[in-house]
Amino acid sequence: MFAAMRFLRLCLSISILAAVSCAFGAEMRTMRYQQCGPEETQKWQSDLRAKLFPLLKLDDLVPQVDTIPFDAKETKTWEMPGFTVKELKIQSTPTRKIDVILTLPKEGKGPFPAVVCIGGHGSRMITPYTNGEAFGPYPANRKDASRIYKGFGSELAKSGYVTISTLVSQHEVYEKGRTLMGERLWDLIRCVSYLESLPEVDKKRIGCGGLSLGGEMTMWLAAMDTRIACADSDGFLTVMDQMEKGHCMCWKFDGLRELVDYADIYALAAPRPLECQNGRKEPPGSFTPELAKKALAEIRPAYAAFGKEDDATLHVHDGEHEIDLPAILAFFKKNLKP
Ligand SMILES: [Zn+2]
């Protein structure tokens, strides 16, 4: 009887110890970028991607990125000044379809550069394209989150880019065994594949951009998909400690913090041009320029490794949690040359 109780107590204390060491003892940021030469940096990048894809539960899909048929079906189409809009259903995984918006320039001669336009929390699929006003069959909606996106997708579409958008602001996991961030990222990766399949698109000039969660997904897409030529990540650059406090926790998944902080994920985009935008009027608990500067200082060494330190930039604007439209347009004009 006493022996049994002693054994139980021993088991209990071992399990408490294990729980405590798990909570406090896990080593953090073990894959932090350490400045080194270009070859070692490239090796660090591919090693880190190889660790992140399984955590995102995408390692089975990655080899199929270009072999899953799109089976694209047009569901709507309409004309806007300067561009044509199509709504399509395409195959994302072998068993799941996604809706996408695709815009094609009416004028000029392709192949055109292209941009994946990404909305954040509270977005609709059309959010990157409107400023709250009507967009084709979609009526004006002043209450939605569109205002802060400044219609950057439409501005790009008018200026000679092919654009694509899909909704990644869901908070449910669609397929068993996947992760939220993994599914969001995969749908964007498939948007890149779909762009590459179009004769209108110049494969070497595909960029991505977005705000808030869209800025976060811009980071992930540029980091994990090397087909992305440049990225404009807005209203997001920060550090993970900040995101632990008072934010939607959809950014986090098992094993992430043990490997990296955001600066390391952004460093996976080096040496491809990166602009981050943060507003001076971001509230203190949010995506402040101060934290963005701190993170940028940890991104730039990876760019310096390739002699491209100046290609990782932070644009601090006078606004709040919003896109600085002239700056994002100038960034893509410089790097994708429409
Ligand atoms: Zn969320």
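If you read the sequence from its start, that first residue is 1, and numbering goes on from there. For ligands, and for the atoms within them, numbers begin at 1 and follow the listed sequence.
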Residues Ser233 and Tyr266: side-chain donor-acceptor under 3.5 angstrom:
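The answer is yes; a qualifying pair exists.
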
Inspect the contact between [Y] and [X] and indicate whether a charged nitrogen and a carboxylate oxygen are less than 4.0 angstrom apart.
| X | Y | result |
| --- | --- | --- |
| Asp225 | Arg190 | no |
| Glu290 | Lys293 | no |
| Lys252 | Glu244 | yes |

Salt bridge (Lys or Arg N to Asp or Glu O under 4.0 Å) with Glu322: which of Lys150, Lys281, Arg147?
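Result: among Lys150, Lys281, Arg147, Lys150 is the only option passing the salt bridge (Lys or Arg N to Asp or Glu O under 4.0 Å) with Glu322.
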
Total protein N/O/S atoms whose distance from the Zn ion (ligand 1) is less than 2.8 Å:
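Considering protein N, O and S only, the Zn ion (ligand 1) has 4 within range.
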
Applying side chain to side chain donor-acceptor pair (under 3.5 Å), can you list everything that pairs with Arg300, at least two apart in sequence or on another chain?
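In terms of side chain to side chain donor-acceptor pair (under 3.5 Å), with neighbours along the sequence ignored, Arg300 is linked to Asp310.
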
